[in-house]
Number of protein chains: 2
Amino acid sequence: MPRTAETAEFQFNHTMIRVKDPKVSIQFYTETLGMDLLSEQAFSSFTLYFLGYDHSKGTLTAEEKAQSRFDREGILELTHNHGTESDPEFQGYSSGNTDPGRGFGHIAITVPDIQAACERFEKLGVPFKKRLTDGTMKNIAFILDPDGYWVEIVPSRLQL
Amino acid sequence: MPRTAETAEFQFNHTMIRVKDPKVSIQFYTETLGMDLLSEQAFSSFTLYFLGYDHSKGTLTAEEKAQSRFDREGILELTHNHGTESDPEFQGYSSGNTDPGRGFGHIAITVPDIQAACERFEKLGVPFKKRLTDGTMKNIAFILDPDGYWVEIVPSRLQL
């Protein structure tokens with residue numbers, strides 16, 4: 001039940017991270033993680049890409065899909081500042097998990113079968129920050145996206 | 001429609017940020033932004049808090065609400081490393097929007113009436129990074145959470 005009438009229709013719509021090279025990042029988030037590119041908006045010096053899982057049965061038109069990004073949760077916004085992808089002096093972005101720059105931690109994807117998901121990531125050559133077998137928490141993994149952001153992989157049927 | 005069978009049930013479940021003082025942050029995300037505290041997990045040196053909008057009509061039990069965090073999108077995870085809230089030497093976390101540490105940008109909340117939402121934030125004394133009247137984009141605002149993370153406020157009925 002919503003906490004207050006004033007916030008009843010609020011939604012946690014999206015999370016934005018900056019990426020060095022949108023081609024590489026979009027390939028990762030669509031091909032490896034299975035999101036859809038819902039829409040993109042180009043400005044003079046940067047372009048915004050909006051991604052999200054399309055869980056519909058193929059019923060959404062391209063326009064509805066693009067519009068859906070304002071009326072749902074679970075959207076990832078990638079900001080590409082033009083030129084970083086080919087600038088030899090570009091230092092890369094901070095993952096948020098080291099000093100200086102610590103703050104942001106990760107995004108997380110829930111998956112129905114974490115063993116199968118991690119085996120597929122291994123086959124695809126995705127770098128791991130933490131495999132299922134590492135550390136004490138055997139039921140979660142962390143992979144790295146192309147900019148080094150941590151992506152947690154969590155079983156959707158995990159019991160508390 | 002899901003892109004591949006292997007990723008069909010994947011969900012963009014949560015985003016994690018570190019917070020200095022959970023009391024202050026939870027008050028902000030629940031009282032000001034209207035999220036529910038769905039569950040928390042205490043470890044020896046840190047505690048995790050999971051928040052999300054409960055859009056049900058009050059039908060979820062506390063247990064179902066806690067369990068829902070593994071099977072939905074739009075969850076915010078706050079990590080509190082014990083002691084930061086009272087450590088005079090703690091420097092605070094990076095918002096991700098300045099160097100060094102640039103990378104993460106913001107989270108975003110969609111709201112049905114952005115004028116009303118922003119007037120309420122003003123009344124509540126929430127600091128703004130960008131008011132509706134600032135800059136060229138008159139239909140979005142940015143407020144700051146207690147750690148200085150940017151929270152974009154976007155109208156859910158924005159037309160492309």
Side-chain angles (χ1 to χ4, degrees), chain A residues 1-4 6-18 30 33-36 39 52-58 66-67 70-71 73-77 79 93-96 100-112 116-117 120 147 149 152 154-160, chain B residues 1-4 6-18 30 33-36 39 52-58 66-67 70-77 79 93-96 100-112 116 120 147 149 152 154-160:
Chain A
M1 185 145 55
R3 290 182 58 84
T4 70
E6 289 158 310
T7 60
E9 292 178 65
F10 284 22
Q11 292 186 305
F12 176 11
N13 174 245
H14 73 249
T15 296
M16 188 280 264
I17 54 176
R18 296 174 177 85
T30 59
L33 287 184
M35 290 182 180
D36 272 83
S39 71
Y53 287 104
D54 175 8
H55 293 115
S56 77
K57 307 288 184 197
Q67 190 62 42
F70 297 108
D71 197 22
E73 300 194 313
I75 302 288
L76 180 67
E77 176 182 4
T79 293
Y93 289 119
S94 166
S95 75
R102 194 184 301 268
F104 171 63
H106 59 258
I107 61 170
I109 308 295
T110 42
V111 304
R120 179 171 163 275
D147 287 277
Y149 294 112
E152 186 180 6
V154 193
S156 49
R157 300 197 181 94
L158 188 64
Q159 292 296 313
L160 287 176
Chain B
M1 186 144 56
R3 291 181 58 84
T4 70
E6 290 158 309
T7 60
E9 293 179 64
F10 285 21
Q11 291 186 306
F12 175 11
N13 174 245
H14 73 248
T15 296
M16 188 280 267
I17 54 176
R18 296 173 178 87
T30 59
L33 287 184
M35 290 184 180
D36 272 84
S39 71
Y53 286 104
D54 175 9
H55 294 114
S56 76
K57 306 287 185 199
Q67 191 61 42
F70 298 108
D71 198 22
R72 57 165 286 187
E73 300 194 313
I75 301 287
L76 180 67
E77 176 183 5
T79 294
Y93 290 118
S94 167
S95 76
R102 193 184 301 268
F104 171 64
H106 59 258
I107 61 171
I109 308 295
T110 42
V111 303
R120 179 171 162 275
D147 287 275
Y149 294 112
E152 186 180 4
V154 193
S156 49
R157 303 200 179 94
L158 188 64
Q159 293 296 313
L160 288 174

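Convention: sequence-line order gives letters A, B, ...; per-chain numbering from 1. Everything numeric here is computed off the predicted structure, so don't read it as measured data.
For chain A, no part of B/Ala116 is nearby; none of its heavy atoms comes within less than 4.5 Å. For B/Gln11, the parts lying near chain A are the backbone and the side chain together; criterion is any non-hydrogen pair under 4.5 Å. For B/Thr30, the parts lying under 4.5 angstrom from a heavy atom of chain A are both the backbone and the side chain.
Between chain B and the residues A/Ile17, A/Asn13, A/Thr4, the largest count of heavy-atom pairs under 4.5 Å involves A/Asn13. Annotation: maximal heavy-atom pairing with chain A below 4.5 Å, among B/Glu152, B/Met35, B/Glu9, B/Arg102, occurs at B/Arg102. Top candidate by heavy-atom pairs under 4.5 Å with chain B, chosen from A/Arg18, A/Arg120, A/Glu77, is A/Arg18. The residue among A/Ile75, A/Thr79, A/Asp147, A/Val154 with the most heavy atom pairs within less than 4.5 Å of chain B is A/Ile75. Counting heavy-atom pairs under 4.5 Å between each of B/Gly103, B/Gly101, B/Ser94, B/Gly34 and chain A puts B/Gly103 at the top.
Looking only at distances, no side-chain donor or acceptor of A/His106 sits under 3.5 Å from a matching main-chain atom of A/Ser95.
Ring geometry for B/Phe104 against B/Tyr149 counts as perpendicular: the plane angle is over 60°, on a 0 to 90° scale with 30° as the lower cut.
Of all heavy-atom pairs spanning B/Leu33 and B/Tyr53, the tightest one is O-OH, 2.5 Å. B/Ser156 and B/Thr110 make their closest contact through CB-CB, 3.8 Å (heavy atoms, listed as atom of the first residue, atom of the second, distance).
Here the straight-line distance linking atom OG1 of B/Thr15 with atom CG of A/Leu76 works out to 8.0 Å at 0.5 Å rounding. In this structure, B/Ile107 CD1 and A/Met16 CE are separated by 12.5 Å, a value rounded to the nearest 0.5 Å.
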